[in-house]
Amino acid sequence: MKKQALIILGFMAMSFGAFAQTADAIFDNYVKATGGEEVYNSIEAFSIHQSDEEAKVPYESNLAVSVKNNKVLRSRTVLSRNFLYELNGNNANLHVPTGGLNRGNSFQTQKLSDFEKSKLQVELNDKYLPFMNYKAKGYRAKVVGPKNIGGENTTQVELSNNDVTRNYYFSTKTNLIVQEDLTYSNGDKITYKHTAYDKLENGLRYPSESVMTEQGKTRTVKTDIKINNVPDDEFEVK
């Protein structure tokens, strides 16, 4: 009985500690643990490349964002064919590969739906880190509470607006993100469970390996990123 009481008191103390921190404080701790404000504020362009080369059907995606030029290009490679989602100013298009696998890069272009366009606008508006200056981006934030993820104690924080809801699970030990759930307004959901972090030369730490679940499919993806020095050809339809 005494042991049960101690366990309950310990859980209550952990819960109180999680709620005692504000969302802003938790976000600040992550920024400090992964490079600091100066590093994040210097980001004007970035690209994120993800791949799962060990899957039966190889998976590859690339996201390139230029805040200064209001450009976003997201590519998804399916069976060696690139499907390109492009936002250039106020124009949003889908470029669908045509012909066989060996016919080179030719595309049929069509306008994106308002929903798909809004997903690209979220990427542009969020910049590299959605919760940096989140109020100016139109987000609301709240601490949900403690949650155990794979044996690790975390604090769940929800970040949301009319287009998307993000749930982050921050390690209470390292302040790093252990898991993040991204849910769009239509119900589409992507979950990342981060298993490794890496560091760039400028000091930025980022999730370099994750277990990703999207549309019922789970894969282990490796991530490489570029900050500011993003080649122009990563924004080209090719």
Side-chain angles (χ1 to χ4, degrees), residues 43-130 137 161 163-164 166 180-192 200 206-238:
I43 298 175
E44 296 183 351
F46 63 90
S47 68
I48 301 174
H49 178 262
Q50 293 181 321
S51 63
D52 179 6
E53 298 176 356
E54 297 181 3
K56 292 182 180 179
V57 178
Y59 170 86
E60 187 174 3
S61 75
N62 194 71
L63 171 69
V65 177
S66 174
V67 177
K68 180 180 179 180
N69 297 318
N70 290 319
K71 286 185 178 182
V72 179
L73 186 65
R74 176 180 285 282
S75 68
R76 288 182 180 272
T77 302
V78 180
L79 297 176
S80 300
R81 305 174 75 201
N82 286 331
F83 292 77
L84 305 176
Y85 299 76
E86 179 190 28
L87 179 68
N88 189 348
N90 197 41
N91 297 316
N93 295 304
L94 169 63
H95 305 278
V96 180
T98 58
L101 296 179
N102 299 317
R103 291 187 59 181
N105 295 328
S106 58
F107 298 91
Q108 178 181 349
T109 300
Q110 60 193 56
K111 285 189 175 182
L112 280 175
S113 66
D114 289 342
F115 172 69
E116 290 295 338
K117 179 180 179 180
S118 72
K119 289 171 71 174
L120 294 180
Q121 288 173 325
V122 165
E123 303 284 7
L124 182 64
N125 181 60
D126 283 355
K127 300 182 179 178
Y128 177 74
L129 194 63
K137 298 174 183 177
N161 60 20
D163 296 314
V164 64
R166 300 175 183 273
E180 53 186 294
D181 303 330
L182 170 64
T183 307
Y184 290 101
S185 58
N186 72 336
D188 286 354
K189 183 176 180 179
I190 305 174
T191 293
Y192 292 96
L200 298 180
Y206 68 96
S208 57
E209 189 169 311
S210 312
V211 177
M212 171 187 174
T213 302
E214 181 181 16
Q215 297 179 348
K217 296 181 180 179
T218 298
R219 51 175 61 93
T220 298
V221 295
K222 293 184 178 180
T223 301
D224 293 300
I225 68 173
K226 296 174 185 173
I227 298 296
N228 292 332
N229 297 320
V230 181
D232 291 340
D233 63 2
E234 293 203 27
F235 294 94
E236 294 178 2
V237 174
K238 59 179 183 176

_One thing to verify: whether D126 and R166 come together as a salt bridge, which I'm taking to mean a side-chain N less than 4.0 angstrom from a carboxylate O._
yes
*asked:* When you measure from the side chain of N186 to the backbone of D188, do you find a donor-acceptor pair of N or O atoms at a distance under 3.5 Å?
replied: yes
*asked:* According to salt bridge (Lys or Arg N to Asp or Glu O under 4.0 Å), who are the partners of E86, at least two apart in sequence or on a separate chain?
replied: none
*Just how far is it from atom CD of E60 to atom CZ of R76, taken to the nearest 0.5 Å?*
12.0 Å
*Can you find a heavy atom in the side chain of T223 that is under 4.5 Å from one in the side chain of E209?*
no
*With a 4.5 Å heavy-atom cut-off, do V65 and K127 have their side chains touching?*
no
_Residues that T109 engages under side chain to side chain donor-acceptor pair (under 3.5 Å), provided they are two or more places apart_ = H95
_Side-chain heavy-atom pair Q50, Y192 within 4.5 angstrom cut-off_ = yes
*Does L84 reach the side chain of F107, with side-chain heavy atoms less than 4.5 Å apart?*
yes
_Charged N-O contact under 4.0 Å between K226 and E234_ = yes
*asked:* For a side chain to side chain donor-acceptor pair (under 3.5 Å) check, start with the C-alpha distance between T98 and S106, then their side-chain angles and the critical distance, and finish with the verdict.
replied: CA-CA 6 Å; T98 58; S106 58; 2.9 Å; yes
*Counting heavy atoms not belonging to K222, are there more than 12 under 6.0 Å from its NZ?*
no
